[in-house]
Amino acid sequence: MKFTSIIDSFSGEYRWLSNFWIHDSVRQLSVEHHYQAAKTTNFQDWLLVMSAETPAKAKRYTKSIEYGGRISGIRPDWLDVRVPLMQQFTREKYATNFELREKLLNTRGSLLIEGNTWNDTFWGVNSHGIGQNNLGKILMKVRDEFL
């Protein structure tokens, strides 16, 4: 596909593309809440992450998973399921929020790149232009599904 423009950062006017954007205003949930909670291996930890006040706190709670903190550990198949789960959570974000779905559809023709300065080369592209941009690819796939 040929792109007519590039959105290379999910900030500013495109902040709503970020996983940290609250898309469920009733429950104050984001894709990040769902994604981080999906790492957990028991309901108590899942509930802790899902009830986090902010997406950043949800992410911080799961940091202790990786370093042996109070959360019991991440699911053993995490590396195998993280991309399909991110796709599912991203699809749900736009399927359940008409306003965001319309905004996503209005990016038609744009290459979406999750540019970042925190050196995430799996989900995005770092400030040196290195990265797989898996989140950007998922967003474009979901966008195409709604066309």
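FYI, side chains are in, hydrogens and waters are out, and symmetry mates aren't considered; it's all heavy atoms of this structure.
N133 contributes no side-chain N or O that, together with a main-chain N or O of G124, makes up a donor-acceptor pair within less than 3.5 Å. D120 places a side-chain N or O within 3.5 Å of a backbone atom of W123 that can act as its donor or acceptor partner. Of the possible donor and acceptor atoms, none in the side chain of K57 sits under 3.5 Å from a partner among the backbone N and O of S51.
A 6.0 Å sphere centred on CD of Q28 holds more than 12 heavy atoms belonging to other residues, nucleotides or ligands.
Here the straight-line distance linking atom OG1 of T40 with atom CH2 of W78 works out to 9.0 Å at 0.5 Å rounding. We find the CG-CG distance between L139 and L111 to be 11.0 Å, quoted to the nearest 0.5 Å. Interatomic distance, CZ of F10 versus CZ of F20, reported as 13.5 Å (0.5 Å rounding). With rounding to the nearest 0.5 angstrom, the OG atom of S127 is 7.5 Å from the CG atom of N116. Here the OG1 atom belonging to T41 is positioned 10.0 Å from the CZ atom belonging to R75, to the nearest 0.5 angstrom. Taking CH2 from W46 and CD from Q36, the interatomic distance works out to 14.0 Å, rounded to the nearest 0.5 Å.
In this structure, V142 and L104 have side chains that are in contact, with non-hydrogen atoms separated by less than 4.5 Å. Side chains of V125 and E114 form no contact here, defined as non-hydrogen atoms less than 4.5 Å apart. L147 has its side chain within reach of L105: a pair of non-hydrogen atoms, C-beta onward, lies under 4.5 Å apart. With a 4.5 Å cut-off on side-chain heavy atoms, F89 and L85 count as touching. Looking only at side-chain heavy atoms (C-beta outward), Y94 and R143 stay at 4.5 Å or farther from each other. Using a 4.5 Å heavy-atom threshold, the side chains of Y35 and N19 count as separate. Considering only heavy atoms from C-beta on, H23 comes within 4.5 Å of T96 through its side chain. Contact of the W21 side chain with the E32 side chain is not registered, since no non-hydrogen atoms from C-beta on lie closer than 4.5 Å.
A side chain to side chain contact (heavy atoms under 4.5 Å, CB included) with H34 holds for exactly one of K93, M50, Q88; it is M50.
With salt bridges taken as basic N to acidic carboxylate O contacts below 4.0 Å, one links R27 and D24.
Cluster annotation: L47 and V49 are assigned to distinct hydrophobic clusters (Ile/Leu/Val/Met/Phe/Trp/Tyr, side-chain heavy-atom contacts under 4.5 Å, transitive). By the criterion of side-chain heavy atoms lying less than 4.5 angstrom apart, applied directly or through intervening Ile, Leu, Val, Met, Phe, Trp or Tyr residues, I22 is not grouped with Y61; the two fall into different hydrophobic clusters.
Smallest separation of non-hydrogen atoms from H33 and P55: CE1-N, 3.5 Å. Among all heavy-atom pairs drawn from R91 and E145, the shortest one is NE-OE1, 2.7 Å. In this structure, S110 and S5 approach most closely via the heavy-atom pair OG-OG, 2.6 Å.
A cation-pi contact links R101 to F146, judged by a cut-off of 6.0 Å to the six-membered ring centre and 45° from its axis.
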*May I have the step-by-step check of side-chain hydrogen bond (donor to acceptor under 3.5 Å, both in side chains) for Q44 and N42, ending in yes or no?*
CA-CA 6 Å; Q44 197 170 32; N42 66 59; 5.7 Å; no

*Do F122 and L135 pass the side-chain contact (heavy atoms from CB on, under 4.5 Å) test, and can you show the C-alpha distance, the side-chain angles, and the key distance before you say yes or no?*
CA-CA 8 Å; F122 182 78; L135 181 57; over 6 Å; no

*Evaluate the side-chain contact (heavy atoms from CB on, under 4.5 Å) criterion for residues N126 and T117: first the C-alpha distance (whole Å), next the side-chain angles of each, then the deciding distance (0.1 Å), finally the verdict.*
CA-CA 6 Å; N126 68 17; T117 57; over 6 Å; no

*Show the numbers, then the answer: is there a side-chain contact (heavy atoms from CB on, under 4.5 Å) between I6 and I113?*
CA-CA 7 Å; I6 298 174; I113 299 173; 3.9 Å; yes

*Report the C-alpha distance between M86 and V31 in whole Å, list the side-chain angles of each, state the deciding distance to 0.1 Å, and finish with yes or no for side-chain contact (heavy atoms from CB on, under 4.5 Å).*
CA-CA 8 Å; M86 181 66 82; V31 169; 3.7 Å; yes

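No side-chain donor from either of E99 and N97 sits under 3.5 Å from a side-chain acceptor of the other.
Residues near I130 contribute nothing to a hydrophobic cluster around it, because no ILVMFWY side-chain heavy atom sits closer than 4.5 Å to its side chain.
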